[in-house]
Amino acid sequence: MTPLNNAGQAEGLSELVAYLALLGSTATAMPAHERYQGYEQLAQLMSFLRLSGWVDTMNRRELLKVLGLAAASIAVSPVVSGLDNDEQERLARAVVSPSRVDKHVIDQLDAILQDCKQQDDVLGPNAVLNTVLAQRNLTDHLLAECPSPLRPRLLSVYSDMSSSVGLHFIDLNDFDRAKHYFEQARAASHDADDTEPSVYAVCNMSYTAAWQNKGYVAIDLAAAAQNLATKADDSLLRAFADQVAAGAYATDGQHKACMAELEKAQAGVAASAGQASDESPVYWYDQGEFASLKSECLLRLGRAQDAAASARTGLALLDPSFVRNVAFCTLRLSNTYLQTGEVDERHERPVVQSAVP
């Protein structure tokens with residue numbers, strides 16, 4: 001580390017914060033003895049700064065901000081540690097000075113988020129929620145001084161993060177927080193003039209309202225999502241918007257309208273088979289997931305037998321690597337059994353109604 005002197009205080013602050021961020025981002029991935037050495041080195045550094053009088057020149061608010069960002073870096077350590085040293089340093093220095101944000105930094109943030117999504121697909125929200133929240137806070141910080149040409153892309157990533165956080169909170173049955181983050185996602189994507197994440201955010205808002213039995217709200221939001229989806233290039237996302245509309249109508253007891261939307265969604269999923277992009281916000285939506293969500297619609301409409309058949313179809317078609325989706329489809333099938341009386345509820349553990357697609 002470069003020695004500090006009075007003439008290089010500003011430069012030294014940047015270097016200190018970068019060091020904190022790098023240490024935090026790799027600490028939990030280090031063997032214990034290396035982690036101890038890293039913190040010992042940091043303690044020696046802080047002692048030197050105190051004795052030199054440099055710390056006394058720091059603004060208290062700036063110091064707290066530095067320590068907060070270092071803590072956030074520690075929170076994202078399991079995924080940040082997967083970056084190589086150059087990538088970690090680039091990200092750390094962008095944290096120090098958001099004006100240094102470049103395309104590579106944004107790509108790194110997006111890659112970390114996609115990794116978190118894959119972990120959620122397998123392990124569920126508890127495994128990734130804190131990481132995505134910390135990452136979102138870092139991105140919010142970077143937006144403050146992000147260069148104008150790059151700001152729309154960073155806003156789109158921020159929107160994607162916000163939607164992910166909202167979905168995690170739905171899984172955890174915290175619908176008020178979920179709604180807050182979906183609204184944040186919608187606002188960010190609107191500012192970025194990016195249609196796809198905006199459609200996805202509104203779809204999730206509609207689904208949340210449906211789960212809360214607010215049918216009229218869910219229908220209005222679904223209609224807004226469908227209208228916006230006509231401007232999107234993502235055909236799979238358009239089909240998903242139709243599926244969400246079907247769920248909204250089912251919640252409101254509108255059988256005919258629900259079935260019409262399901263037909264549109266099924267046709268859209270079939271037409272998109274083999275063409276879905278990994279970058280789509282609904283990359284996980286396929287014919288198996290369509291059948292699983294259709295089961296939920298049919299159950300809401302009181303058609304338990306048909307719902308059971310659809311859930312079985314979903315289980316047969318779902319990619320087993322999407323553990324989360326398979327689990328929710330299994331829950332939906334169990335709920336159909338409860339409604340039809342095919343199992344004795346007195347001898348079965350209660351089945352929680354699935355909250356998210």
Side-chain angles (χ1 to χ4, degrees), residues 28-29 71-82 109-140 157-186 188-189 197 200-212 218 240 243-244 247 278-286 288-289 292-293 296 314-315 318-335 349-357:
T28 59
S73 296
I74 291 174
V76 301
S77 60
V79 284
V80 174
S81 61
L109 291 169
D110 188 39
I112 293 169
L113 177 62
Q114 302 313 313
D115 184 70
C116 288
K117 287 183 179 181
Q118 292 176 12
Q119 290 184 40
D120 176 49
D121 290 336
V122 177
L123 302 174
N126 286 318
V128 296
L129 176 59
N130 289 336
T131 299
V132 181
L133 277 171
Q135 182 192 30
R136 180 181 177 276
N137 290 338
L138 287 174
T139 305
D140 185 48
V157 173
Y158 181 77
S159 175
D160 198 3
M161 292 175 180
S162 298
S163 283
S164 291
V165 172
L167 287 170
H168 298 329
F169 276 121
I170 289 182
D171 277 351
L172 298 172
N173 292 329
D174 192 336
F175 303 109
D176 289 337
R177 286 190 184 181
K179 181 181 177 182
H180 166 76
Y181 285 104
F182 291 145
E183 289 174 344
Q184 294 275 308
R186 184 182 188 181
S189 58
Y200 189 49
V202 181
C203 282
N204 287 324
M205 292 169 70
S206 174
Y207 197 92
T208 303
W211 200 93
Q212 294 176 295
F240 180 67
Q243 178 102 54
V244 169
D278 291 338
E279 297 179 359
S280 172
V282 290
Y283 64 93
W284 42 265
Y285 182 57
D286 56 15
E289 186 63 12
S292 177
L293 291 170
E296 187 169 286
L315 287 174
L318 281 169
D319 182 344
S321 66
F322 287 90
V323 177
R324 175 180 176 277
N325 291 350
V326 172
F328 278 123
C329 191
T330 302
L331 287 175
R332 288 169 181 138
L333 180 58
S334 298
N335 286 332
R349 296 179 63 182
V351 177
V352 179
Q353 177 69 32
S354 56
V356 293

Taking every non-hydrogen atom, the tightest pair across [X] and [Y]:
| X | Y | answer |
| --- | --- | --- |
| S162 | Q184 | OG-CB, 4.2 Å |
| R177 | D174 | CD-OD2, 3.2 Å |
| C116 | V132 | CB-CG2, 3.8 Å |
| L318 | C329 | CD1-CB, 3.7 Å |
| L172 | P125 | CD2-CG, 4.1 Å |
| G166 | A178 | O-CB, 3.3 Å |

**Prompt:** Does some side-chain heavy atom of F182 sit less than 4.5 Å from a side-chain heavy atom of I170?
**Reply:**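 When only atoms from C-beta onward are counted, F182 and I170 do touch, with a gap below 4.5 Å.
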**Message:** Quick one, S164 and L113 - any side-chain contact, counting heavy atoms below 4.5 Å?
**Reply:**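 S164 vs L113: side chains touch.
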Please check if the side chain of [X] supplies one atom and the backbone of [Y] the other of a donor-acceptor pair under 3.5 Å.
| X | Y | answer |
| --- | --- | --- |
| S163 | D160 | no |
| T139 | Q135 | yes |
| S206 | V202 | no |

**Message:** Please determine whether side-chain contact (heavy atoms from CB on, under 4.5 Å) holds for the pair Y200 and L167, giving the CA-CA distance in whole Å, both sets of side-chain angles, and the decisive distance to 0.1 Å.
**Reply:** CA-CA 11 Å; Y200 189 49; L167 287 170; 3.1 Å; yes
**K179 with D176: basic N within carboxylate O range, under 4.0 Å** =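 Looking at K179 and D176, the cut-off is not met.
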**Residues Y181, M161; criterion side-chain contact (heavy atoms from CB on, under 4.5 Å); working and verdict** = CA-CA 9 Å; Y181 285 104; M161 292 175 180; over 6 Å; no
**Residue that, paired with F240, satisfies ring pair (Phe, Tyr, Trp, His ring centres under 6.0 Å) out of W284, Y283, Y207** =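 Checked W284, Y283, Y207 against F240; only one passes ring pair (Phe, Tyr, Trp, His ring centres under 6.0 Å): W284.
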**Pairing residues for D140 by the side-chain hydrogen bond (donor to acceptor under 3.5 Å, both in side chains) criterion, not counting sequence neighbours** =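 Residues passing side-chain hydrogen bond (donor to acceptor under 3.5 Å, both in side chains) with D140: none at all.
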Can you measure from [atom1] ([X]) to [atom2] ([Y]) and round to the nearest 0.5 angstrom?
| X | Y | atom1 | atom2 | value |
| --- | --- | --- | --- | --- |
| R186 | M205 | CZ | CE | 5.0 Å |
| N335 | T330 | CG | OG1 | 11.0 Å |
| L129 | L133 | CG | CG | 4.5 Å |
| S292 | L333 | OG | CG | 9.5 Å |

**Item:** Ring centroid separation F169 to F175 under 6.0 Å
**Value:**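 Ring-ring flag for F169/F175: false, centres at least 6.0 Å apart.
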**Asked** Does one side chain, of Y285 or N325, offer a donor that lies under 3.5 Å from an acceptor on the other?
**Response**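 Note: Y285 and N325 side chains miss the donor-acceptor criterion.
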**Message:** side-chain contact (heavy atoms from CB on, under 4.5 Å), that's the test. Do L293 and R332 meet it? Break it down for me.
**Reply:** CA-CA 9 Å; L293 291 170; R332 288 169 181 138; 3.5 Å; yes
**Item:** CA sep, side-chain torsions, deciding dist, call: V323, F328, side-chain contact (heavy atoms from CB on, under 4.5 Å)
**Value:** CA-CA 9 Å; V323 177; F328 278 123; over 6 Å; no
**Request:** Take atom CZ of R136 as the centre, draw a 6.0 Å sphere, and report whether it contains more than 12 heavy atoms from other residues, nucleotides or ligands.
**Result:**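 Yes, enclosed.
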**Request:** Please lay out, stage by stage, how K117 and D120 fare under the test salt bridge (charged side-chain N to carboxylate O under 4.0 Å, His left out).
**Result:** CA-CA 5 Å; K117 287 183 179 181; D120 176 49; over 6 Å; no
